[in-house]
Chemist: 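Please read through the structure below; I'll follow up with questions.
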2 protein chains.
Amino acid sequence: MTFATSTPPRDIEAAIFSAVDSCVAQWGWDKVTMDDICGTAGVSRATVYRLFPGGRDVLFEAVRLSKLEDFFTAMRAHVEGSESLEELLVRCIVIASSELQHDEHLAMMLATAPGETLGDLTVSGLDRIVRVATAFITPLTDDFIPATEAAHIVDVMCRLVISYYLSPSPTLDFANEDATRSFVRTFLLPSTSSVVVTQ
Amino acid sequence: MTFATSTPPRDIEAAIFSAVDSCVAQWGWDKVTMDDICGTAGVSRATVYRLFPGGRDVLFEAVRLSKLEDFFTAMRAHVEGSESLEELLVRCIVIASSELQHDEHLAMMLATAPGETLGDLTVSGLDRIVRVATAFITPLTDDFIPATEAAHIVDVMCRLVISYYLSPSPTLDFANEDATRSFVRTFLLPSTSSVVVTQ
DNA sequence: GACATTGAGACAGTTTCTGTCTTAGTGTCT
DNA sequence: AGACACTAAGACAGAAACTGTCTCAATGTC
């Protein structure tokens, strides 16, 4: 009960995030103003600027980071308990690809700048996605391969998923489990030390 | 072939109207800029301002008027051939009410100012709707009642439809044909000279 | 009462939008 | 070819909106 500084600002932050969500859904990144967000969140502009010093850019960046973490949190829950590295990688790729194909809003949310889609993804934007993905997925690979190897393979996996999302190939659909499994066996697993373990 | 002054501006006007449509659908009245519309229509800003001198207000007014006429044109087609005044009025009311309930965009389109819904309908806005409705519907009543009487009854009908749309009554739904027929018999027809004709 | 937090709104600086204008380019008629 | 009508592109000033910071009063907590 002794949470020190009075009421927790988490509720307000959540309200603001939610407001950004619905505002962006309604008008798109470019058309949304801070007043729109404040109004939707039922919060004063002063409060928003106090919680996110730096204003619009900082707020939107926070929202995107939050979205990114939500995405990988949900994904990690889905792939947890995989009994082999192959299974883990396949599930990661399939789920991520399906989500991206299914939710067109997601790609925009994960992108770096407002109005920028994954298609215009900058180096820093890609880096961040890879970074967050590594942080969330790597722990799950502990049972199969060393951390350094995991970071490397997750990095490659991310770039592949994004690349195939941006320009889909007629010969390979990462949303298809069988095709993905075959791909993982051919290109990803041979590079790891786990081949001897699982085979 | 001798249409005198080169290419007809109708195509461009149509493109602009269509652009306004999709822009408003995407962003709403308030968020749309003239550049958005020009860009969507694939037309220079100079062209828009030349076709609609007065700019934004004039253009939007023209779009609304066009929508209004489209609406009543479609409605007139639906009620044409009614064999009695009762049938005509019932059909008008039911169709208009259904359309309003069905297409939430419509009410906004018919309203006067951008962002203003029928709920904020100003006197002039209501007047215009009544005026257009009268112009479109009155001719159809020629077979049954004199024009002056028609104008009066159409006026009353318009206001009722709008009123019941704005604040629906639990006891009367104008989208329901039977209820509307009963209503027309009770309140509208007795005021006309047609009672003796059809009864 | 001391403290922390929020809402409301004033404020200047910047950006965006509007509406008008000029210019150059295109296609059509004579 | 030359006159004509129309358009795209974009410069431009003035108006409007947005941003980010600030102050102050109101509220709720210890």
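In the text below, chain A, chain B and the rest are named by the order of the sequence lines, each starting its count at 1. Every heavy atom of this structure was used, including side-chain atoms; hydrogens, water molecules and symmetry mates were not.
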Chemist: Report the C-alpha separation of Ile16(A) and Phe52(A) in whole Å, then their side-chain angles, then the decisive distance to 0.1 Å, and conclude whether the side chain to side chain contact (heavy atoms under 4.5 Å, CB included) test is met.
Modeler: CA-CA 10 Å; Ile16(A) 294 174; Phe52(A) 300 93; 4.1 Å; yes
Chemist: Would you call the rings of Phe136(B) and Phe72(B) parallel, tilted or perpendicular, taking 30° and 60° as the class edges?
Modeler: tilted
Chemist: In whole angstrom, give the distance that lies between atom OH of Tyr49(B) and atom C1' of dT20(C).
Modeler: 9 Å
Chemist: Keeping the roles fixed (side chain from Thr33(A), backbone from Asp36(A)), state whether a donor-acceptor pair exists under 3.5 Å.
Modeler: yes
Chemist: Rounded off to whole Å, could you give me the CD1-to-C1' distance for the Ile16(A) and dG7(C) pair?
Modeler: 13 Å
Chemist: So that I know where these two stand, are Phe174(A) and Phe183(A) an aromatic pair - ring centroids less than 6.0 Å apart?
Modeler: yes
Chemist: Output the rounded distance in Å from CD1 (Ile12(B)) to P (dT26(C)).
Modeler: 16 Å
Chemist: Considering the terminal five base pairs at each end of the helix from dG1(C)-dC30(D) to dT30(C)-dA1(D), what angle separates the two local helix axes, rounded to 10°?
Modeler: 30°
Chemist: Could you grab the distance from atom CD1 of Ile129(A) to atom CG of Asp155(A), nearest 0.5 Å is fine?
Modeler: 12.0 Å
Chemist: In whole Å, I'd like the distance from the CG atom of Asp35(B) to the C1' atom of dG10(D).
Modeler: 11 Å
Chemist: What's the CZ-C1' distance between Arg50(B) and dC21(C), to the nearest Å?
Modeler: 11 Å
Chemist: Write down the distance between CZ (Phe52(A)) and P (dT6(C)), rounded to a whole number of angstrom.
Modeler: 12 Å
Chemist: For Ala62(B), is there any backbone N or O sitting under 3.5 Å from a side-chain donor or acceptor partner on Ser66(B)?
Modeler: no
Chemist: What residues from residues 36-48 of chain B pass a heavy-atom cutoff of under 4.0 Å to DNA chain C?
Modeler: Arg45(B), Ala46(B)
Chemist: Between Pro53(A) and Thr33(A), which has a closest nucleotide on DNA chain D that is more 5'?
Modeler: Thr33(A)
Chemist: Quick one: are Ser84(A) and Glu87(A) in side-chain contact, heavy atoms under 4.5 Å?
Modeler: yes
Chemist: Within this structure, what is the CG-NZ distance for the pair Leu65(A) and Lys67(A), rounded to the nearest 0.5 Å?
Modeler: 12.5 Å
Chemist: Taking NZ from Lys31(A) and P from dT19(D), how many angstroms apart are they, rounded to a whole number?
Modeler: 13 Å
Chemist: For Glu13(A) and dT6(C), give me the distance from atom CD to atom P, rounded to whole Å.
Modeler: 11 Å
Chemist: Thr47(A) side chain to Val43(A) main-chain N or O, any donor-acceptor pair under 3.5 Å?
Modeler: no
